[in-house]
Amino acid sequence: MDPNETPQCRRNLEALQAKAAEKRREKEAAPVPVIHIGSATCGIAAGALDTRQAFQEALAERGIEARIHTVGCVGHCYAEPVVIIDHPDSGFPPIFYHEVTPGKARMLVKLFLEQGDPRFEHIYGATIENDMIPWVQEFPRFSMEHRLVMDRCGRIDPEDIFEYLDDGGYAALAAALETEPSDIVAEIGAAGLRGRGGAGFPTAKKWSFAAATDGEKFVICNADEGDPGAYMDRTILESNPHQVLEGLAICAYAVGASRAMVYVRAEYPLAVRIVTRAIEQARSEGILGESVLGSGFRLDMEVFQGSGAFVCGEETALIRSMEGFRGMPVHRPPYPVEAGLFGRPTVINNVKTLASVPPILENGAEAYRSVGTADSPGTAIFSVVGDVVHPGLVEIPMGTTLRTLIYDVCGGIAKKKSFRAVQIGGPSGGCLPESFLDTPIDFDSLIEAGAMMGSGGMVVMSEDSCVVNVCRYFLEFTQKESCGRCTFCRIGTRHMLEILNRLTCGEAVEEDLERLENLAHDIREGSLCGLGKTAPNPVLTSLRYFREEYEAHVREGRCPGMMCRPLIAYYIELDKCARGCDACVGCCPTDAVFTTSTRKKGIDLELCVKCGECMVACPPEYDAVRKISPAHLAPVVERSPKRDKEAKDKA
Amino acid sequence: MEEKLTPEESAILEELRQSIRGDDSQRSRLIPILQKVQERLGYLPPEAVKMVADHLAVPLSEVYSVATFYNQFRFHPPGKYPIKVCMGTACHVRGGEIILENFERKLEIKEGETTEDREFSIERVACVGCCALAPVALVGETVHGHMAPSKVEGLFTRIQVQKEIEEKRRKKDGSE
């Protein structure tokens with residue numbers, strides 16, 4: 001090839017970029033206000049579709065011209081539905097509004113779009129720097145994040161490939177196609193990218209093993225996100241699918257595979273739809289198919305819908321399920337990179353790993369290494385849930401401490417409660433106490449502390465949560481999801497769950513704690529795959545750091561977090577209860593609240609299901625409902641036969 | 001409990017039988033075909049499982065062994081109003097179990113079951129991804145956030161009212 005001539009793929013990319021720019025100019029030719037609505041699953045769950053409809057109706061009613069732009073998710077779950085209104089004629093910068101209900105939407109159309117008043121009391125911030133409205137980047141929830149993988153999430157329309165192209169997308173792929181595959185692997189190696197699926201295996205190593213083999217090969221994007229509290233993979237696929245496809249295509253080129261699959265859970269219907277559409281678009285624009293961007297490299301891509309088995313996140317189980325069998329892990333070696341799907345070498349990478357690839361190639365390994373720590377470069381994405389002020393998806397540089405993440409980025413513990421524990425890594429992770437808050441978040445430090453990066457799920461627990469109960473929850477999950485192949489995992493987790501059940505009911509004995517510990521070690525040793533090996537982690541770490549909580553359950557039948565329902569009781573403080581107030585009576589689902597002989601209220605502990613509704617319903621000026629553990633400490637209030645009869649007659 | 005196929009279901013099944021005939025009969029097609037069947041019927045009745053087994057020339061027991069392994073596949077018809085209670089981590093911490101119990105008590109069925117009139121079914125699902133709204137329940141596709149036992153009550157009232165309105169409208173349309 002003549003070195004002065006522009007290579008074919010770059011020319012093809014430039015043609016696509018020109019087309020994308022043309023489309024953008026067309027849209028910008030008519031300058032109307034643009035309403036960006038975050039419509040990923042989380043936004044829709046919070047009511048984004050109703051909001052969108054309200055906007056459409058209000059715009060039509062008032063005859064205002066505006067363009068509604070559907071974008072993905074910005075990761076700020078606490079603020080959903082999120083709407084950004086860009087109304088240049090008003091003189092204001094683009095404004096970020098949070099919790100935009102249909103009513104708020106109609107109001108904004110009338111007052112902001114029509115009359116030019118942005119309603120300052122409803123504004124969250126401005127998306128660019130200006131001197132009227134605080135810039136969102138001045139808030140720690142924005143400024144302390146470092147968006148590398150999720151940069152475009154919430155900015156572009158996930159269903160329009162041209163928006164991705166216009167934003168510099170697929171440039172890394174075009175450049176990669178002109179590079180030797182081995183150089184790409186070397187660049188990824190130099191960047192030190194580690195698998196974001198949880199284990200942190202060096203990605204370049206995996207790729208080089210597969211590259212060294214011959215014949216037909218497969219590359220698979222693992223989006224079988226099974227952790228019940230993590231949803232970043234789904235959000236990325238729903239908000240910016242092309243970045244993942246680009247990473248997958250680069251991976252395929254680097255290892256020499258001509259077939260790629262995206263394994264998405266069927267429980268994520270929107271993600272399935274968006275990815276399928278993204279693949280179609282890429283194919284029709286010549287980015288996938290016979291000759292990727294005209295380079296002569298052939299790549300077919302398809303979606304495989306996973307059927308919702310947690311164990312299928314494990315590579316060998318995932319492969320089994322794609323072959324049409326029960327998703328049970330098989331012994332490694334041979335590793336999938338040697339003999340995977342249909343016996344052929346197969347590279348399986350997580351969504352976040354693949355989405356990290358384009359930025360690395362674009363900006364170079366050096367730039368990637370400048371973020372994060374020496375052994376864990378780059379960023380980490382967590383879905384922070386539980387008792388924090390600002391829950392949601394957070395992308396932070398590796399090495400950030402847990403304290404910074406919880407207190408600075410996520411706004412600390414909600415309702416001014418105190419911190420009790422943080423559970424990291426979902427069902428395979430661990431529970432850490434306050435003394436570990438200064439632990440930097442990276443693959444190795446977390447493992448040292450007993451937790452692990454895992455899926456990136458993070459549950460922050462305040463003083464009102466019970467560590468034992470949360471561990472029981474995770475164990476119930478892993479016990480159910482154990483595929484049943486290994487005896488220790490199949491029967492061991494069941495025994496552990498039974499002990500934990502006894503603990504949360506106050507029926508456990510002292511020896512149970514030791515038994516729990518022994519079982520945990522045995523399961524760890526005797527299991528084939530990651531599920532069994534890590535299933536005891538929540539229990540092991542909490543036994544290490546929160547032993548006194550377990551002991552309180554065993555010895556006193558007391559739940560310090562007042563969460564284990566068999567160990568607590570609700571009662572009404574008669575001194576505080578007001579005569580004639582019936583708030584708690586009406587809300588009780590089991591009619592457990594009765595009127596005493598003094599016309600105050602009492603709770604029938606036999607009927608009470610401990611749902612806590614009466615506590616919520618009791619007006620704050622009385623604040624008479626109390627929760628107590630152990631349950632037998634609750635004062636007994638006698639029912640009054642006379643009042644019972646009266647109530648009956650009334651009914 | 002063994003449900004009989006309704007006439008509509010039999011018709012869909014027949015249609016599916018025609019459409020999968022042209023499908024590949026490789027073993028790796030097993031899960032995609034089961035998904036296709038469930039998408040149309042809402043569940044996998046025994047007749048459908050048998051049809052898939054015949055098509056792929058795989059023993060019936062083998063198809064069941066695979067289908068029962070995965071959470072996605074269900075073997076009972078879902079209700080007209082399928083209720084899904086989120087059992088994700090955030091919802092658990094905020095009392096998702098209490099919400100599930102309330103639905104179970106109200107409908108007198110357990111999770112995974114359908115009421116006899118096929119109106120309601122209860123299911124537990126993993127994280128629906130709106131953890132800030134925890135605890136969360138879905139009726140059909142509509143998400144109801146910040147659930148509380150009294151809201152469970154309210155949901156049923158709302159469904160009842162909706163039903164009555166529809167009933168009235170239908171009557172009105174009928175008389176005109």
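All chains are named by letter (A, B, ...) in the order of the sequence lines, taking the proteins before the strands, and each is independently numbered beginning at 1. For clarity, every value in this text was computed on a predicted model and none was experimentally measured.
The minimum heavy-atom distance between A:P589 and B:N102, with the atom names listed, is CB-OD1, 3.4 Å. Taking all atoms of both residues into account, the shortest heavy-atom contact from B:H92 to A:N469 is NE2-OD1, 3.0 Å. Counting all heavy atoms, side chain and backbone alike, B:V66 lies closest to A:G324 at CG2-O, 3.8 Å. Considering all non-hydrogen atoms of both residues, B:R94 and A:G386 come closest at NH2-O, 2.9 Å. Taking all atoms of both residues into account, the shortest heavy-atom contact from A:A266 to B:Q72 is CB-NE2, 3.2 Å. In plain terms, the two heavy atoms of A:Y473 and B:M87 that are nearest each other are OH-O, 2.5 Å.
Atom CD of B:E39 sits in a sparse spot, with 12 or fewer heavy atoms from other residues, nucleotides or ligands closer than 6.0 Å. Within a 6.0 Å sphere centred on NZ of B:K163, other residues, nucleotides and ligands contribute more than 12 heavy atoms. Counting heavy atoms of neighbouring residues, nucleotides and ligands inside a 6.0 Å radius, atom CD of B:E108 does not exceed 12 of them. The neighbour count for B:R105 CZ, taken as heavy atoms of other residues, nucleotides or ligands under 6.0 Å away, is above 12.
For the atom pair SG of A:C587 and NZ of B:K151, the computed distance is 14.0 Å after rounding to the nearest 0.5 Å. If you take CZ on B:F73 and OG on A:S307, they are separated by 3.5 Å, rounding to the nearest 0.5 Å. Atom OH in A:Y78 sits 14.0 Å away from atom CG in B:L133 (nearest 0.5 Å). The line from SG of A:C312 to OH of B:Y70 is 4.5 Å long, rounded to the nearest 0.5 Å.
Only the side chain of A:V311 has a heavy atom closer than 4.5 Å to any heavy atom of chain B. Proximity to chain B (any heavy atom under 4.5 Å) is restricted, for A:M563, to the side chain, taken from C-beta onward. Residue A:D50: no heavy atom, backbone or side chain, is found under 4.5 Å from chain B. Of the atoms belonging to B:P32, it is side-chain heavy atoms, and not backbone ones, that fall under 4.5 Å from chain A. A:F477 does not touch chain B: none of its heavy atoms, backbone or side chain, sits under 4.5 Å away. Looking at B:I98, both its backbone and its side chain come within 4.5 Å of chain A, counting heavy atoms on both sides. Residue A:C73 does not touch chain B at all, counting heavy-atom pairs closer than 4.5 Å. Using a 4.5 Å cut-off between heavy atoms, A:K610 touches chain B through its backbone atoms (N, CA, C, O) alone.
Contacts with chain B were tallied for A:A79, A:S321, A:G392; A:S321 has the most, counting heavy-atom pairs under 4.5 Å. Chain B forms more heavy-atom pairs under 4.5 Å with one residue of A:G327, A:A46, A:G229 than with any other, namely A:G327. The residue among B:R124, B:R29, B:E153 with the most heavy atom pairs within less than 4.5 Å of chain A is B:R124.
Using a 4.0 Å cut-off between charged side-chain N and carboxylate O, B:E97 and A:R472 make a salt bridge. A salt bridge links B:E101 with A:R565: the closest approach of a Lys/Arg side-chain nitrogen to an acidic carboxylate oxygen falls below 4.0 angstrom.
Using modelled atom types, one finds a donor on one side chain and an acceptor on the other under 3.5 Å when comparing B:S150 with A:E613. The closest side-chain donor-acceptor pair between B:N71 and A:E267, if any, does not fall under 3.5 angstrom.
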Subject >> side-chain contact (heavy atoms from CB on, under 4.5 Å) assessment of B:S28 paired with A:M322 >> reply: CA-CA 6 Å; B:S28 58; A:M322 289 181 78; over 6 Å; no
**OP:** Assess whether side-chain contact (heavy atoms from CB on, under 4.5 Å) is satisfied between B:T89 and A:Q423, documenting all intermediate values.
**Re:** CA-CA 10 Å; B:T89 316; A:Q423 209 281 350; over 6 Å; no
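The interface of residues 457-465 of chain A with chain B, defined by heavy-atom distances below 4.5 Å, comprises A:V459, A:S465.
A:R326 places a side-chain N or O within 3.5 Å of a backbone atom of B:S65 that can act as its donor or acceptor partner.
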